[in-house]
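Only one structure is covered here, and it is reproduced in the block below.
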Amino acid sequence: MSEAGKMWGGRFQGELDPFFAQFQRSLPVDRALALADLETNRAWSAELARVGVLQPQDVLALHKAIDEICAHVREHGVPADSEDEDVHSYVERELGKRCGALAKRILTGRSRNDQVATDLRLHLRVIGAEMELAISRLMLQLVAKAERHDGDAMPGYTHLQR
């Protein structure tokens, strides 16, 4: 990424066409993945330490920064008007603010496509569990309501006919 936090800025001169810049920007949609992206970064930094790419103190600094960003995102969310192109560049920028150059080292050996796929999977796992819980609660409420009215007369209909 360029210094300005734009992925397309490193090798190009001038600014992107405004229409294309808006078209390719995904932060308004993928900001929902912020917590999953932070967890992916936490796991990846631990793996980088396990194989000797990062030192234990580096991982501690990264995890402290990740915890701070998680707390901020939980309380305030990711700003929709952020200049970042996507949630990954948002997280990278926030890590950079807290960890300096160390934040760039977390990118070692990682594909953006793999990161996106992992983030989506983690996010959908959380959303799926929340939906399962909500459906279970709804079912319990429906059963309770049916039990309260188990003696009530109800007209029977088949194909909208009595």
Going from [atom1] on [X] to [atom2] on [Y], what distance comes out if it is rounded to the nearest 0.5 angstrom?
X     : Y     : atom1 : atom2 : answer
Leu33 : Tyr90 : CG    : OH    : 13.5 Å
Arg98 : Arg93 : CZ    : CZ    : 9.0 Å
Leu48 : Leu62 : CG    : CG    : 9.0 Å
Ser89 : Glu94 : OG    : CD    : 10.5 Å
Cys99 : Glu92 : SG    : CD    : 12.5 Å

Rest of the hydrophobic cluster containing Met131 (Ile/Leu/Val/Met/Phe/Trp/Tyr, side-chain heavy atoms under 4.5 Å)?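 Its cluster partners, ordered by chain and number, are Ile127.
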Which ILVMFWY residues are connected to Met139, directly or by a chain of links, through side-chain heavy atoms under 4.5 Å apart?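 Members alongside Met139: Ile135.
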With salt bridge (Lys or Arg N to Asp or Glu O under 4.0 Å) as the rule and sequence neighbours excluded, what pairs involving [range] come up?
range            : answer
residues 33-60   : Glu39-Arg42, Arg42-Asp67, Glu47-Arg50, Asp58-Arg105
residues 140-149 : none
residues 127-139 : none

Got a sec, which residues hit ring-ring contact (aromatic ring centres under 6.0 Å, His included) with His72, two or more places apart in sequence or on another chain?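 Per chain and number, His72 pairs via ring-ring contact (aromatic ring centres under 6.0 Å, His included) with His76.
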Sequence neighbours excluded, which residues qualify as side-chain hydrogen bond (donor to acceptor under 3.5 Å, both in side chains) partners of Asp152?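 Expected list: His149.
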Please identify each residue that fulfils side-chain contact (heavy atoms from CB on, under 4.5 Å) with [X], with sequence neighbours left out.
X      : value
Arg121 : none
Leu60  : none
Ala61  : Leu102
Val116 : His88, Arg112, Leu120

Cluster question for you: counting only ILVMFWY and a side-chain heavy-atom cut-off of under 4.5 Å, with indirect links fine, are Leu133 and Leu138 together?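 No, Leu133 and Leu138 fall in different hydrophobic clusters.
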What are the two closest heavy atoms between [X] and [Y], and how far apart are they?
X      : Y     : answer
Ser45  : Leu54 : O-CD1, 3.7 Å
His123 : Ala36 : N-CB, 4.0 Å
Pro79  : Arg31 : C-NH1, 4.2 Å

Exam field: side chain Asp30 to backbone Val87, donor-acceptor pair closer than 3.5 Å: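 Confirmed, Asp30 side chain pairs with Val87 backbone.
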Side-chain donor or acceptor of Trp44 paired with backbone N/O of Gly109 under 3.5 Å: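 Pair absent, no side-chain N/O of Trp44 close to backbone of Gly109.
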Audit row: Asn41, Gln115, side chain to side chain contact (heavy atoms under 4.5 Å, CB included) steps and yes/no: CA-CA 9 Å; Asn41 278 296; Gln115 186 178 358; 4.1 Å; yes
Let me know which of Val73, Asp119, Thr40 forms a side chain to side chain contact (heavy atoms under 4.5 Å, CB included) with Leu35.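 The residue from Val73, Asp119, Thr40 that satisfies side chain to side chain contact (heavy atoms under 4.5 Å, CB included) with Leu35 turns out to be Val73.
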